[in-house]
Enquirer: 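Structure below; questions to follow.
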Amino acid sequence: MRKFYIACLLTISIGGLFLSSVQAETEEVKLSDEQIDEIKTLKQEVMEKEKQIIEKYVEYGVFPEEKGQKIIQHMEKKYEKLQENNFIPKWDHKHHLKHDNEN
């Protein structure tokens with residue numbers, strides 16, 4: 001019986017830690033202009049490198065030209081969305097619910 005109580009206590013403790021970390025991620029966060037500029041610069045550098053990689057894949061025949069352009073367009077849309085959110089990622093979307101409603 002003692003093991004059961006210890007297991008329950010551990011479960012409650014771990015659950016509380018999980019809930020507190022989720023709560024911290026959903027709080028409204030504001031970045032300063034300096035922080036936004038720094039992240040923007042880094043994201044632009046990463047996007048440029050990723051585009052170069054995709055272009056090399058197209059050049060080497062890994063992807064057809066159309067697929068390479070589609071990947072680049074998708075990356076650009078993600079960047080625009082991130083820019084609209086002041087470079088704060090939004091990871092609270094419930095994608096599995098979207099797919100459940102389609103069936």
Side-chain angles (χ1 to χ4, degrees):
M1 192 64 146
R2 182 176 173 189
K3 289 181 182 179
F4 174 75
Y5 289 126
I6 292 173
C8 288
L9 182 63
L10 284 173
T11 303
I12 292 169
S13 298
I14 291 171
L17 289 173
F18 175 73
L19 289 175
S20 66
S21 67
V22 170
Q23 181 182 6
E25 288 181 7
T26 59
E27 292 176 10
E28 189 64 32
V29 177
K30 301 271 185 194
L31 297 177
S32 69
D33 290 339
E34 281 182 18
Q35 292 170 328
I36 290 173
D37 289 342
E38 186 175 358
I39 291 177
K40 181 178 182 177
T41 301
L42 292 171
K43 282 289 189 183
Q44 287 173 340
E45 291 172 8
V46 168
M47 283 246 331
E48 191 58 39
K49 289 294 182 186
E50 287 179 344
K51 285 180 183 179
Q52 289 175 3
I53 291 169
I54 298 302
E55 290 168 358
K56 285 295 177 181
Y57 280 141
V58 169
E59 180 182 332
Y60 299 155
V62 176
F63 298 141
E65 179 73 29
E66 300 82 30
K67 184 171 182 176
Q69 289 302 317
K70 189 174 181 179
I71 293 170
I72 290 172
Q73 288 173 353
H74 181 73
M75 289 178 0
E76 288 172 346
K77 285 181 185 177
K78 286 176 61 177
Y79 177 81
E80 289 171 9
K81 188 73 167 173
L82 192 60
Q83 193 172 14
E84 289 172 9
N85 294 325
N86 289 324
F87 293 94
I88 297 175
K90 303 291 183 187
W91 293 324
D92 56 350
H93 300 288
K94 305 283 189 262
H95 294 288
H96 64 279
L97 295 176
K98 177 181 173 186
H99 295 296
D100 287 346
N101 292 335
E102 291 176 0
N103 293 333

Enquirer: Quiz question: by atom type and distance under 3.5 Å, do the side chains of Gln73 and Gln69 form a donor-acceptor pair?
Expert: no
Enquirer: Side-chain heavy atoms nearer than 4.5 Å, only ILVMFWY residues, links allowed to pass through others: does that put Val58 and Val62 together?
Expert: yes
Enquirer: Distance from Lys67 atom NZ to Ile72 atom CD1, nearest 0.5 Å?
Expert: 13.0 Å
Enquirer: Determine whether more than 12 heavy atoms belonging to other residues, nucleotides or ligands lie under 6.0 Å from atom CG of Asp33.
Expert: no
Enquirer: At what distance, to the nearest 0.5 angstrom, does CE of Met75 lie from NZ of Lys78?
Expert: 9.0 Å
Enquirer: Just wondering, do Glu76 and Lys51 contact through their side chains at under 4.5 Å, heavy atoms?
Expert: yes
Enquirer: Is the shortest side-chain heavy-atom distance between Glu48 and Gln52 below 4.5 Å?
Expert: yes
Enquirer: Does Ile71 belong to the same Ile/Leu/Val/Met/Phe/Trp/Tyr cluster as Ile53, with side-chain heavy atoms less than 4.5 Å apart forming each link?
Expert: yes
Enquirer: Could you tell me the separation between the CG atom of Leu31 and the CD atom of Glu38, rounded to the nearest 0.5 Å?
Expert: 10.5 Å
Enquirer: Calculate, to the nearest 0.5 Å, the distance between atoms CD1 and CD belonging to Ile88 and Gln83 respectively.
Expert: 13.5 Å
Enquirer: In Å, rounded to the nearest 0.5 Å, how long is the span from NZ of Lys30 to CD1 of Ile36?
Expert: 9.5 Å
Enquirer: Would you give the length of the straight line joining atom CD of Glu66 to atom NZ of Lys70, rounded to the nearest 0.5 angstrom?
Expert: 11.0 Å
Enquirer: Mark yes when over 12 heavy atoms from residues, nucleotides or ligands other than Tyr57 sit less than 6.0 Å from its OH; otherwise mark no.
Expert: no
Enquirer: Would you say that Tyr79 contacts Lys40 through its side chain, given a criterion of any heavy-atom pair below 4.5 Å between the two side chains?
Expert: yes
Enquirer: Do Lys56 and Glu59 sit within salt-bridge range, that is, some charged N less than 4.0 Å from a carboxylate O?
Expert: yes
